[in-house]
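Heads up: the structure comes next, in structure tokens.
For the numbers below, each heavy atom of this structure counts, side chains included, while hydrogens, waters and symmetry mates do not.
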Amino acid sequence: MNAMYIKHFKRIPTGEYVTPEMISGRHWIKGKVTSVGDSDGFRLYHTPGFGWRWPFKFRSVPSTNKELQNQTLSIRIAGIDAPEGAHWGRPSQLWAQESLDWLKSQVEGKWVCCQILRKDQYSRIVSPVIQNYRFIPRFISKGRPLSLEMVRAGWAVTYEQANAEYGGYPKEEYTRLEAEAQAAKRGMWKNGPLIETPAEYKRKYASSVETAEAALSEATVVPSSKTTQKKVSQGTKAEGGWVSWLFGRKR
């Protein structure tokens, strides 16, 4: 009885409450998307059991930021890579805003179903997302997989980095739809091949972290005078703070 309660009726407020058993069992959850902050993810308010929607509605999803604080799951859509927005001093990637707008139009304020596959390095729940579902997909899958729809629309590419998860669909289906979108010049393929893929963008800025850290290391040589020591110390502190602020938040 307790296991059934946990599986079907206990609400999961944040990712910290996701257990190894939920991950190994590839647990399905349903809920309402409260916000979309990135082109490949969103915030989900978990709504287990019943009573959240008409005609049997007697519970409600909070609507204010204060009420939602520490009450939502950060979902990373499985199987896709989307253009990166401006974060931590980095410039926005081409098509990032359009990709974000498309995702918002699809899920913001709407009900979706997600499967817990794993947590990524940022503690987000990597999950396939089903739209317009009738029941929990394990029993009857009548919804649309969001990741494939996003690739088909041309606003994301196939995720091909380490630990890729495709949510029960073959990778070949993603690459087929990606090629189809490119041939039809949909979404970010409108002007032809991409100047830079999301993966290339991430690698470029990952390497800049190493460059900054190397420069910082060279700047910390022992100075020859107290004046120089003070200047180097101040410069090191400033650069260290900049590197920490710019890149440290995602670690």
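Between Asp81 and Lys202 there is a salt bridge, since a side-chain N of the basic residue sits under 4.0 Å from a carboxylate O of the acidic one.
The side-chain contact (heavy atoms from CB on, under 4.5 Å) check on Thr175 picks up Thr158, Lys171, Glu172, with sequence neighbours excluded.
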field: side chain to side chain contact (heavy atoms under 4.5 Å, CB included) between Val36 and Gln106, intermediate numbers included
entry: CA-CA 10 Å; Val36 181; Gln106 296 296 304; over 6 Å; no
task: Check step by step if side chain to side chain donor-acceptor pair (under 3.5 Å) holds for Asp101 and Gln97.
output: CA-CA 6 Å; Asp101 290 343; Gln97 187 59 52; 2.8 Å; yes
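Here the two rings, on Tyr174 and Tyr169, have centers that are 6.0 Å apart or farther.
Classification of the Tyr201-Tyr205 ring pair by plane angle, with boundaries at 30° and 60°, yields tilted.
Across Arg152 and Ala181, no two heavy atoms sit closer than the pair O-CB, 3.6 Å.
A heavy-atom distance below 4.5 Å is not found between the side chains of Lys32 and Arg43.
Between the CG atom of Leu148 and the CZ atom of Arg176 there is a distance of 9.0 Å, given to the nearest 0.5 Å. For the atom pair NZ of Lys30 and CH2 of Trp52, the computed distance is 8.5 Å after rounding to the nearest 0.5 Å.
The number of heavy atoms from other shown groups lying within 6.0 Å of CD (Glu16) does not exceed 12.
Screening Ser92, Pro83, Ser39 against Leu100 for a side-chain contact (heavy atoms from CB on, under 4.5 Å) leaves a single residue, Ser39.
Under a cutoff of 6.0 Å and an axis angle of 45°, Arg11 and Tyr45 form a cation-pi pair.
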